[in-house]
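First the structure, then my questions, so here it is.
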Amino acid sequence: MIEINRIRENKDEIIEKLKKRNFDAEPIVSEILSLDQEWRSAKQKKDDVCQEMNSIAKEIGQLFKAGNTEEGNAKKARATELKEVDKDLKDEVDNLADKIQQSLYELPNVPNEEVPAGGTEEDNVVVSTHGELPDMDAEALPHWEITKKYDLIDFELGVKVTGAGFPIYKNKGARLLRGLINFFLDEANKAGYTEFVPPLMVNEASGYGTGQLPDKEGQMYHVTEDDLYLIPTAEVPLTNMFRDVILNESDFPICVTGYTPCFRREAGSYGSDVRGLNRLHQFDKVEIVRVEHPDKSYEALDGMVKHVASLLEKLELPYRILRLCGGDLGFTSAITYDFEVYSAAQKKWLEVSSVSNFETFQANRLKLRYKDANKKKALVHTLNGSALALPRIMAALLENNQSENGVIMPAAIHNYIGFEKIA
RNA sequence: GGAGAAUUGGCAGAGUGGUCGAAUGCGGCAGUCUUGAAAACUGUUGUACCGCAAGGUACCGGGGGUUCGAAUCCCUCAUUCUCCGCCA
C-alpha cells in the first residue's frame, strides 16, 4: 500500500510511474485526494464537537459534586444534543476513512526506475543467460513420462486421494524432493539466513499484511470454518512475523528462510501449462525473506539474486534471469527478477524463482518500522525470493539429465538424496 | 469441548463511574556529585492522527453498547493461565 502522505506530496510522479504498469492511476488518486480533503475537514469538525462534549461532561461532573444538580441537568440537554451530532460526524469520518482505505488497496506498488515498460511477459528483459542449453534428441521424454517410467511420482493417485494438482511423490522421487529441500535450506543457512518453520495457515490480517488480500482472495484456499487461509507461499507467515514491529537500526539485516508446502487454487489455469509438475495446487518451496534498512534494500536484492543464481549453478541447470516489465510485475512489487530454468524435453523456460523488493509497500500494510538514530520512525523495506520452488527444479533435473543409463543427478546433491542416478 | 481467572504505558504493577493519559517501582534519557565509573540525589520519559501554529482528538487486548461522562458497568470476540475431558 502506498503511503497516503506520498500521494499527497507526489501525486503526479506516482501517476506517471504507474503508467509503466499500464495502470491509469489518475482516477483513483484524484478520488483519494478529494476524499482525503473531506476526511480531514470532517475529522476537524468531529474533534471540535468532541472537545465541547468533553468539557461539558467535565463541568457536569463538577456541578454535581458541588450539589448543583439543577444546572447540571440543564447541561445534560446540550450534551445529549451534541451526542447526536457527534454520532453523525463519526459515521461520516469512519465512512470516508474506509473509502480511502479501499481506494488505497486498489493502487499497486510504484515500479522502480529500472523496471522496463511493457504489457506482457513478452516485454520482460532477459538480463543474463547462463549454461548451455542441452540439445536433446526427439525421443527425449518430458518429466511426466520420466516420473512414470521410474515410478517417481503418481499423479493419478493424487487425483484419487485429493484431486488434480496434488501429486504423490514416491521412491526416489520422494527422496529427491526431500533431499533438495534440505540442500536449499542448508545453502540458505550458509548464506546467513535464519531458519524458521512457520504455520501453514494464516489469519486474515496476515493476508492483508503481505498483500494477498484483498486483491488475490480467489487464489488462496480459505478455511471458512475457522477463517484461516492456507499459505500460497512462506512469504506470508515469514514476513508477517514482523507485523506491527518497530525495529532498531542495529537489528538489520534481517534474513530469514523457511521451507513450506504452498497452496494455490490456480483458478483459470489450463492446457500444457498445467501438465505434470508445471503447475500444482500444492507444491514445496524454500523461501528467503529480508527486512532491510531502506538504504540497503537494493544491496540486499542483489545478494538474493546472487544466492539464487548460485543454487542453480550448483544444480548445473541452464537458467536465465529476467527483469519483469511493468505489466508483468506483481501487484505489491517495486521490482522483480524472475529465474527460469530450461526444460530440455518440453523445450521451454520454467519459472523457478521470483525475487522482489517491495520497498515500503508491504511495510506500510504491516506497520513494520524502524527507529533511526534520532528515534524517528520510518517504514522498512521488505524483500523476498524463492530459493527455490521444487517441482519445476525437479522437472528440469529429470528432463535435462536423462540418458540411456538413467537420470544422472548433479554432484552437489548426491549426499542429500543418497543416490547418483535414477535408473 | 466444559468450568474458572486474567489482559493497563518498554517491563512489573495500582486503579470499580468524573479532577485518569493513567499512581508507584524498575528500565531509558539529561543533570548534580566523582579523576572516571558505581551508588545517591534532581529532573525528564507512550503512540497515532488533525492543525501554519496555538492547540485539539483518539488510544488501558479487539469490536459494540449503557451514560452528560467509561480503564472502571453490560454484550461479544480474541489471547493467556488453572482445572476437567479428548488426543498425535
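Here is the naming used below: chain letters follow the sequence lines, and residue numbers restart at 1 for every chain.
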Quick one: which of B:C68, B:C50, B:A58 gets closest to the side chain of A:Lys43?
B:C50
Using a heavy-atom cut-off of 4.0 Å across all strands, would you classify A:Ala57 as base, sugar-phosphate, or nothing?
base
Note, A:Trp144 side chain near A:Gln346 side chain (heavy atom, < 4.5 Å)
yes
Please check if the side chain of A:Asn124 supplies one atom and the backbone of A:Leu322 the other of a donor-acceptor pair under 3.5 Å.
no
Looking at every strand, decide which applies to A:Ile60 at a 4.0 Å heavy-atom threshold: base, sugar-phosphate, or nothing.
base
Pairing partner of B:A6, by Watson-Crick or G-U wobble and under 3.5 Å for both distances, is B:U79
As its Watson-Crick or G-U partner within any shown strand, both distances under 3.5 Å, B:C68 has B:G18
Does B:C41 have a Watson-Crick or wobble mate here (both distances under 3.5 Å), and if so which one?
B:G31
Regarding A:Lys83, tell me which of base, sugar-phosphate or nothing describes its non-hydrogen contacts under 4.0 Å with the strands shown.
base
Under 30°, 30 to 60°, or over 60°: which ring-plane class applies to A:Tyr416 and A:Phe183, parallel, tilted or perpendicular?
perpendicular
Indicate, with a heavy-atom threshold strictly under 4.0 Å, whether A:Asn54 touches base, sugar-phosphate, or nothing.
sugar-phosphate
Please give the nucleotide sitting opposite B:U47 as a Watson-Crick or G-U wobble pair, both distances under 3.5 Å, or none.
B:A58
Would you indicate, yes or no, if B:G56 has its OP1 or OP2 atom less than 4.0 angstrom from a side-chain nitrogen or oxygen of A:Lys46?
no
